[in-house]
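Chain letters run A, B, ... following the sequence lines, proteins first and then strands; every chain starts at 1. For the numbers below, each heavy atom of this structure counts, side chains included, while hydrogens, waters and symmetry mates do not. Keep in mind it's a predicted model, so treat the numbers as computed, not measured.
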2 protein chains.
Amino acid sequence: MYSKKISNAVIKRLPRYHRYLGELLENQVTRISSKELGDRMGVTASQIRQDLNNFGGFGQQGYGYKVEYLYNEISQLLGLGKKYNVIVVGAGNLGQALANYLDFEKSGFVIKALFDVNPRLVGLFVRGIEVMDMDNIKVFVKNNNIDIAMLTLPKANASQIAVELVSYGIKGIWNFAPVNLEISDDSVVVENVHLFESLITLAYIIKNEEDPHTDDMYSMEIQ
Amino acid sequence: MYSKKISNAVIKRLPRYHRYLGELLENQVTRISSKELGDRMGVTASQIRQDLNNFGGFGQQGYGYKVEYLYNEISQLLGLGKKYNVIVVGAGNLGQALANYLDFEKSGFVIKALFDVNPRLVGLFVRGIEVMDMDNIKVFVKNNNIDIAMLTLPKANASQIAVELVSYGIKGIWNFAPVNLEISDDSVVVENVHLFESLITLAYIIKNEEDPHTDDMYSMEIQ
DNA sequence: TAGATTGTTAATCGATTAACAATC
DNA sequence: TAGATTGTTAATCGATTAACAATC
């Protein structure tokens, strides 16, 4: 069966369509054209139609798109409604913040445990979820069918632990450590969130907008 | 004076070059060719040379690049070494995690205060930094020359507060709220960090790699 | 039916890669 | 000098936008 490759650019836009459609739904909007949705989102109608047609024809000529139907279709595409078992590796501030973020749970990302090497943290409970010693991670991942690890470790340990996690059968790593994980195994998906680089980029653009030598040439479009 | 527009794609790669060069420096590597740097980073030598030549010729023919020199030049380009006054707006888990992240301070992003509406949080100190009542934000921003606001508010309040901050003269907003801030004012730069969308994207790719109907067609390249 | 808007093909634009003369 | 590798121009590739026939 042939199916064409979906570009990463398109995939990254899907959650955003989903979010906007969710808002329309909340506001009792029942139908929308690609033109109007594009105007609201700040993208072209063409792009929306091209993107959606990677996955199928969800609209009707002369009418537009049914908001609820399209919302549900995109939910399906994204796999929302599926349940993912998650661990948080590194129970510092960021790890705890992630564990406390309830919206993940609502969307099917169920956090099963946190892990840390720090004995002061081990045994604590964050929102009812236990912080376990890193030594237990292997057994835990294997016994609890863990799909995704949220990695909030310091740079020094991140790569090694990531490789271990992959060997225990984890399917995805959401990486907050400031390293690019080098994992040869193709069965794992890595998504890097380099917060620091994001902040530096922001500062760079501020700096150059202020700079009187340069024209106003950096757009504020981002993400 | 003419200067050509630097594309966003290039700007977003600069911090990554900076990071790799920093690591080379730590390992006492003194020179590197675009070929070897590209191999390490997983990009083409061409891309590195093209990117750098947006800003000037930093290398020498037949030799390559001096690591320390190039590192310093990119630091300069990015404005590292400059000092930015920062506030964290929303002192929940994520806000506190950001305030605790020392690496920001090291790089010149000095957090001056946190703000929250929750009276339980107001008056607390996070790493010696006071959590203040949101009512004080206007005066504080104006009196303390605040450059950047890290916004970790719930969706409902984010847009309104963002608009206010802009009116108080803030230059950049690092937005963690799951909304696209609509700010017409061109003098402010917004960088959105939509963590939830990032996680959904990860899950989507996992799902489709597993799915036996589709070939292995989603690359694990990300960011 | 007439008007609107899709799905889809074609044109454009921009970013990446390749090639190579310049030169250290 | 000969070899290596840059800076830069040209070619390719992919993503975005425009156009329009199909059709609700």
Mapping Lys35(B) and Gln50(A) to their closest nucleotides on DNA chain D, which lands nearer the 5' end?
->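 By nearest-heavy-atom nucleotide position, the 5'-most residue is Lys35(B).
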
Apply salt bridge (Lys or Arg N to Asp or Glu O under 4.0 Å) to Lys35(A) and list each qualifying residue two or more places apart in sequence or on a separate chain.
->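 Asp39(A).
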
Touch check for Ser46(A), heavy atoms < 4.0 angstrom, all strands: base, sugar-phosphate only, or nothing?
->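 Base, at least one base atom sits under 4.0 Å.
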
Inspect the contact between Glu191(A) and Lys12(A) and indicate whether a charged nitrogen and a carboxylate oxygen are less than 4.0 angstrom apart.
->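 Looking at Glu191(A) together with Lys12(A), the answer is yes, because their closest N to O distance falls below 4.0 Å.
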
Nucleotide paired to dC20(C) in any strand shown, Watson-Crick or G-U, under 3.5 Å =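 dG7(D) is the nucleotide pairing with dC20(C).
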
Between which nucleotides of DNA chain C, read 5' to 3', does contact with chain A run, using atoms under 4.0 Å from its heavy atoms?
->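 Counting from the 5' end, contacts occupy dA4(C) to dA10(C).
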
Any side-chain donor paired with an acceptor under 3.5 Å for Asn93(A) and Tyr101(B)?
->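 No pair is found: no donor N or O on one side chain lies under 3.5 Å from an acceptor on the other.
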
Does a donor on one side chain and an acceptor on the other come within less than 3.5 Å for Asn85(A) and Asn145(A)?
->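 Side-chain D/A pair, Asn85(A) to Asn145(A): absent.
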
Using side chain to side chain contact (heavy atoms under 4.5 Å, CB included) as the criterion, point out the one residue from Val190(B), Val188(B), Leu165(B), Ile161(B) that pairs with Leu181(B).
->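 One option only clears the test, and that one is Val190(B).
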
